[in-house]
Amino acid sequence: MAAPKKVCIIGSGNWGSAIAKIVGVNTAALEKFDTTVNMWVFEEMVSGRKLTEIINTEHENVKYLPGHKLPTNVVAIPDVLDSAADADILVFVIPHQFISKLCDTLKGKIKKDAIGISLIKGVDEGPDGLKLISDIIREKLGINMSVLMGANIANEVADEKFCETTIGCKNKEQGALLKELMQTPNFRITVVEEADVVEICGALKNVVAVGAGFCDGLGFGDNTKAAVIRLGLMEMIAFAKLFCKAGPVSSATFLESCGVADLITTCYGGRNRKVAEAFARTGKSIEELEKEMLNGQKLQGPQTSAEVNRILSLKKIVDKFPLFNAVYQICYKGHPVTEFISCLQNHPEHM
């Protein structure tokens with residue numbers, strides 16, 4: 001029998017801790033996985049104590065997922081090299097702006113035949129325009145990468161409320177292994193091969209959610225938000241068709257949890273919508289609101305809108321994506337938030 005596979009979770013925020021809860025339970029129950037799960041925790045002090053010490057003694061991430069016990073086989077480790085050294089499966093779940101530096105630290109220090117799965121929602125700018133986060137990890141670490149994206153608000157997953165998610169994986173065997181590691185009766189996984197489309201959905205829906213939050217802050221109703229969701233989805237599909245190099249993009253993937261379901265839940269719940277609503281109501285900057293409202297968590301939507309804007313500008317097609325562009329202009333260029341409605345009124349879909 002093959003040696004049990006050792007799992008390391010790289011990241012321990014709200015979503016990382018929710019996933020650690022699932023992975024801890026599954027690895028303890030299934031013989032093909034090593035029962036100890038290492039979780040890399042960025043060390044910080046909470047009420048005068050180290051966060052790793054709190055997690056390892058009280059089995060709770062009191063800062064990012066309070067009120068939820070983590071399985072006792074999940075071990076918090078403050079050094080990322082120590083946590084990842086022996087891992088066969090690396091689960092990446094940190095804010096996307098930190099991934100490049102983290103991979104530079106790990107380069108050459110992990111198992112050659114390890115596999116990775118990214119739960120990170122965001123895109124980066126590459127020499128040809130778009131760079132997927134999984135591509136950055138794959139290129140820097142030389143490992144096979146899959147992605148997991150879906151309508152998964154972390155606290156609800158931790159509460160074991162029923163939800164679905166999507167794994168994008170080009171290798172059927174690895175897809176089946178990752179599904180086994182992460183699926184539970186209340187966290188149902190579909191595996192699809194279009195990994196790049198799954199990942200693009202996960203990044204772009206946060207931009208649309210910022211637009212939905214603007215509508216809430218301006219006092220527009222559910223009809224307007226439905227229009228934002230539909231027009232946002234159209235721009236997501238158009239963007240994926242332009243930038244996915246792996247082959248034709250099928251509409252079916254957008255009907256998975258990573259597509260329309262994640263878009264809906266993020267536009268009604270989620271931190272991007274919440275902060276964007278406060279932005280429209282208060283006139284405070286995104287940075288100020290992030291500090292005030294998110295307890296150290298990072299916002300992905302505005303930053304992704306800036307990366308998307310640079311990518312579209314390179315291709316000189318910004319005007320084909322008015323919703324994405326409006327979010328960027330409002331967040332970073334001082335355009336009034338009321339402008340968002342004119343982007344909906346004058347959308348090319350209505351011309």
Side-chain angles (χ1 to χ4, degrees), residues 13 94-103 118 120-137 149 196 199-215 217 228 231-236 238-240 242-244 262-263 266-267 270-280 282-294 296-340 342-344 347:
I94 62 171
H96 79 281
Q97 48 269 49
F98 303 134
I99 194 65
S100 195
K101 195 168 169 227
L102 182 108
C103 287
S118 170
I120 300 169
K121 293 177 173 176
V123 290
D124 209 344
E125 190 190 355
D128 309 320
L130 181 73
K131 188 88 166 173
L132 297 173
I133 302 302
S134 64
D135 286 340
I136 295 172
I137 303 170
M149 307 277 153
D196 44 1
E199 190 167 1
I200 282 174
C201 284
L204 296 182
K205 57 96 194 186
N206 283 328
V207 181
V208 184
V210 173
F214 291 161
C215 286
V228 170
L231 294 167
L233 181 62
M234 299 308 284
E235 290 193 16
M236 285 166 62
F239 190 96
L242 275 170
F243 290 98
C244 284
D262 196 7
L263 181 60
T266 311
C267 286
R271 64 185 87 149
N272 289 282
R273 188 218 62 79
K274 185 169 85 170
V275 173
E277 179 182 7
F279 176 88
T282 65
K284 290 181 180 177
S285 74
I286 292 287
E287 291 75 20
E288 276 178 275
L289 292 165
E290 190 178 61
K291 281 198 185 78
E292 276 176 31
M293 298 172 71
L294 295 185
Q297 294 175 65
K298 291 289 175 204
L299 209 58
Q300 302 295 316
Q303 188 156 353
T304 302
S305 80
E307 281 142 7
V308 165
N309 189 268
R310 284 196 291 273
I311 291 162
L312 295 174
S313 299
L314 275 175
K315 303 256 187 210
K316 299 186 171 48
I317 48 174
V318 172
D319 55 338
K320 290 191 165 61
F321 295 85
L323 191 148
F324 290 171
N325 186 40
V327 169
Y328 167 70
Q329 298 294 343
I330 292 162
C331 286
Y332 291 104
K333 295 294 174 188
H335 286 220
V337 72
T338 46
E339 240 180 55
F340 190 69
S342 61
C343 115
L344 303 178
H347 200 282

Counting neighbours of NZ on Lys131 that are heavy atoms of other residues, nucleotides or ligands and sit closer than 6.0 Å, is the number greater than 12?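 Counting other residues, nucleotides and ligands, NZ of Lys131 exceeds 12 neighbours.
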With sequence neighbours excluded, tell me which residues meet salt bridge (Lys or Arg N to Asp or Glu O under 4.0 Å) with [X].
{"X": "Asp135", "value": "Arg138"}
{"X": "Glu277", "value": "Arg273, Arg281"}
{"X": "Lys284", "value": "Glu292"}

Which of parallel (below 30°), tilted (30 to 60°) and perpendicular (above 60°) describes Tyr328 and Tyr332?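 Tilted: the ring planes of Tyr328 and Tyr332 meet at 30° to 60°.
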Geometric class of the Phe279/Phe214 ring pair [parallel <30°, tilted 30-60°, perpendicular >60°]: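 The arrangement is tilted - the two ring planes meet at 30° to 60°.
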Check [X] against [Y] and note the closest heavy-atom contact, atom names and distance.
{"X": "Cys343", "Y": "Pro322", "result": "SG-O, 3.8 Å"}
{"X": "Gly217", "Y": "Ala280", "result": "CA-CB, 3.8 Å"}
{"X": "Val228", "Y": "Gly211", "result": "CG1-C, 4.1 Å"}
{"X": "Pro336", "Y": "Ile330", "result": "O-CG1, 3.7 Å"}
{"X": "Asn272", "Y": "Gly301", "result": "OD1-N, 2.7 Å"}
{"X": "Gln97", "Y": "Leu299", "result": "NE2-O, 4.3 Å"}

As an exercise, state the distance from [atom1] of [X] to [atom2] of [Y], rounded to the nearest 0.5 Å.
{"X": "Asn309", "Y": "Thr304", "atom1": "CG", "atom2": "OG1", "result": "12.5 Å"}
{"X": "Ile120", "Y": "Leu132", "atom1": "CD1", "atom2": "CG", "result": "12.0 Å"}
{"X": "Ser285", "Y": "Glu290", "atom1": "OG", "atom2": "CD", "result": "9.5 Å"}

Any side-chain heavy-atom pair from [X] and [Y] closer than 4.5 angstrom?
{"X": "Leu242", "Y": "Ile317", "value": "yes"}
{"X": "Phe239", "Y": "Leu312", "value": "yes"}
{"X": "Val123", "Y": "Ile133", "value": "no"}
{"X": "Asp262", "Y": "Cys201", "value": "no"}
{"X": "Leu233", "Y": "Val208", "value": "no"}
{"X": "Val210", "Y": "Ser305", "value": "no"}
{"X": "Met236", "Y": "Ile200", "value": "no"}
{"X": "Asp319", "Y": "Asn325", "value": "no"}

Any donor and acceptor pair, going by atom type alone, linking the side chain of [X] with main-chain N or O of [Y] inside 3.5 Å?
{"X": "Glu235", "Y": "Phe324", "answer": "yes"}
{"X": "Glu199", "Y": "Ser134", "answer": "yes"}
{"X": "Asn206", "Y": "Gln300", "answer": "no"}
{"X": "Arg271", "Y": "Lys298", "answer": "yes"}

Between His96 and Gln303, is there a side-chain donor-acceptor contact under 3.5 Å, judged purely by atom types and distance?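 Judged by distance alone, the side chains do not pair up.
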Is it the case that the side chains of Gln329 and Glu339 hold a donor-acceptor pair, with the cut-off being a distance below 3.5 Å and no angle test?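 No, because no side-chain N or O of Glu339 sits under 3.5 Å from a partner of the opposite role on Gln329.
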